[in-house]
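All values reported here derive from a predicted model rather than from experimental measurement. Below, chains carry the letters A, B, ... as their sequence lines are ordered, and counting in each starts from 1. Computation of the quantities below employed the complete heavy-atom set of this structure, encompassing side-chain atoms and omitting hydrogens, waters and symmetry-equivalent molecules.
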Protein chains: 2
Amino acid sequence: MRPAALDWSVENCTIARAMAILGERWTLVVLREVFNGVRRFDDMRVRTGIPRQVLTNRLAMLVEQGVLRRVPYREPGSRMRHEYRLTDKGLDLWPVLVAVLGWGDRYLADPDGSPLTVTHRDCDAEVRVAMRCAEGHEVTEPRDVLPRPGPGARRRS
Amino acid sequence: MRPAALDWSVENCTIARAMAILGERWTLVVLREVFNGVRRFDDMRVRTGIPRQVLTNRLAMLVEQGVLRRVPYREPGSRMRHEYRLTDKGLDLWPVLVAVLGWGDRYLADPDGSPLTVTHRDCDAEVRVAMRCAEGHEVTEPRDVLPRPGPGARRRS
DNA sequence: AGGCTAGGTCTGATTGACAGACTCAGCAAC
DNA sequence: GTTGCTGAGTCTGTCAATCAGACCTAGCCT
């Protein structure tokens, strides 16, 4: 009855590491904005209501983590400024964002539905995440997924 | 050049709502434990190093949100206790967890690999998330995904 | 010179995380 | 029946993060 997981260390858990970045209160909200094409400090601040200080910190952290990069730009008649764009590491967060969106839409949306959808560039149809195993089977039942120690697992001391 | 997203309100954004639950620093780590079969307070605490108070709060919040439920149990020779199990709403977080795990494994793992994998119950092969559109196309390139206002979108005042 | 704007800093109050000690109920061993 | 153990907490004090609101600053425009 004792769960097998108890024998394994979590010190190098990649979920914990990912959540140290993504789990900060506003991080995914900032990323949602960037994925939406909102790349400038004040646009984000006005839309999200994030306090300036916090937004400054989040953006700096995301740049430091290599999820965003600061890109200089200049609009005619304005001085040089910076905007924030996704790096490849950042773009690879699409599945995370779509997964969170899917769950939120299912359980937390208003009756009139979600304010945001994501679509496929080619055919304009809605995009969702699916779970699939390496053998190509579609995994639709959450209970068909089993966790197990991976290659980097360490026994607990 | 002005992003279209600026015209739309975010007040009912389901990502923000989901992150209000999942975005607390330890929430996904707690859920990782439960998905791993670790269901008891002290087991979680010892494995994760979460402060007691915080773990108490997280568990209570997750129960209140309907992600976990408290189930009484009794081991022979012990008094009645409670353990925490996933509800259906909780089980539907598998794709979120797998997505975060996939990203973490790719960018944050130690050289020897991830300490945790997830497998398909039927064939034992590794499970990953994929993005797929309603037309059945596999979406492999992050740049092929486009956000757009959904049915519940509201114009900004 | 004065004003506007984007993108910040600075300051002080409130909230949350954290560590460590304490509590409490029930079972067990003496 | 007292003592001790164990799982699941609560209490307390410290320290860091969040938040709201005011202030600052570089460059452009009039």
Euclidean distance, atom CZ of residue A:Phe41 to atom C1' of C:dT9 [Å, nearest integer]: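 So the two atoms are 10 Å apart, to the nearest Å.
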
Under the salt bridge (charged side-chain N to carboxylate O under 4.0 Å, His left out) definition, can you give me all pairs with a residue in residues 56-70 of chain B, not counting sequence neighbours?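 Qualifying pairs: B:Glu24-B:Arg58.
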
Less than 4.5 Å apart, side chain to side chain, heavy atoms only: is that true for [X] and [Y]?
X	Y	result
B:Met19	A:Val100	yes
A:Leu86	A:Phe35	yes
B:Glu33	B:Asp43	no
B:Leu116	B:Asn36	yes

Donor-acceptor contacts, no H, no angles, side chain residues 135-147 of chain B, under 3.5 Å, sequence neighbours left out:
residue	atom	partner	partner atom	Å
B:Glu138	OE1	A:Arg132	NH2	3.2
B:Glu138	OE2	A:Arg132	NH1	3.4

Any A:Arg70 side-chain N or O less than 4.0 Å from OP1/OP2 of C:dG8: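 Answer yes for this pair, as a side-chain N or O of A:Arg70 is under 4.0 Å from OP1 or OP2.
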
Would you jot down, in residue-number order, the residues of residues 28-37 of chain B having a non-hydrogen atom under 4.0 Å from DNA chain C?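 Close to the strand, none.
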
Which atom pair, heavy atoms only, marks the closest approach of B:Met61 to B:Ile21?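 Scanning both residues completely, I find the closest heavy atoms to be CE-O, 3.6 Å.
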
Can you run down the side-chain hydrogen bond (donor to acceptor under 3.5 Å, both in side chains) pairs that involve residues 95-109 of chain B, sequence neighbours left out, and say none if there aren't any?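 As it turns out, the side-chain hydrogen bond (donor to acceptor under 3.5 Å, both in side chains) pairs with a partner in residues 95-109 of chain B, which skip direct neighbours, are A:Thr14-B:Asp105, A:Asp92-B:Arg106, A:Asp92-B:Tyr107, B:Asp105-B:Ser114.
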
Between the side chains of B:Asp110 and A:Arg154, is the shortest nitrogen-to-carboxylate-oxygen separation below 4.0 Å, so that they form an ion pair?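 B:Asp110 and A:Arg154: salt-bridged.
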
Provide the start and end nucleotides, 5' to 3', of the part of DNA chain D that has atoms under 4.0 Å from heavy atoms of chain A.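 Nucleotide range in contact with chain A: D:dT18 to D:dC29.
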
For a quick check, with a 4.0 angstrom heavy-atom cut-off, what is the B/S/- contact string for nucleotides 15-26 of chain C, read 5' to 3'? --SS--B---BS

Using a 3.5 Å distance criterion without hydrogens, assess whether the side chain of A:Thr56 forms a donor-acceptor pair with backbone atoms of A:Arg52.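 Such a contact is found between A:Thr56 side chain and A:Arg52 backbone.
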
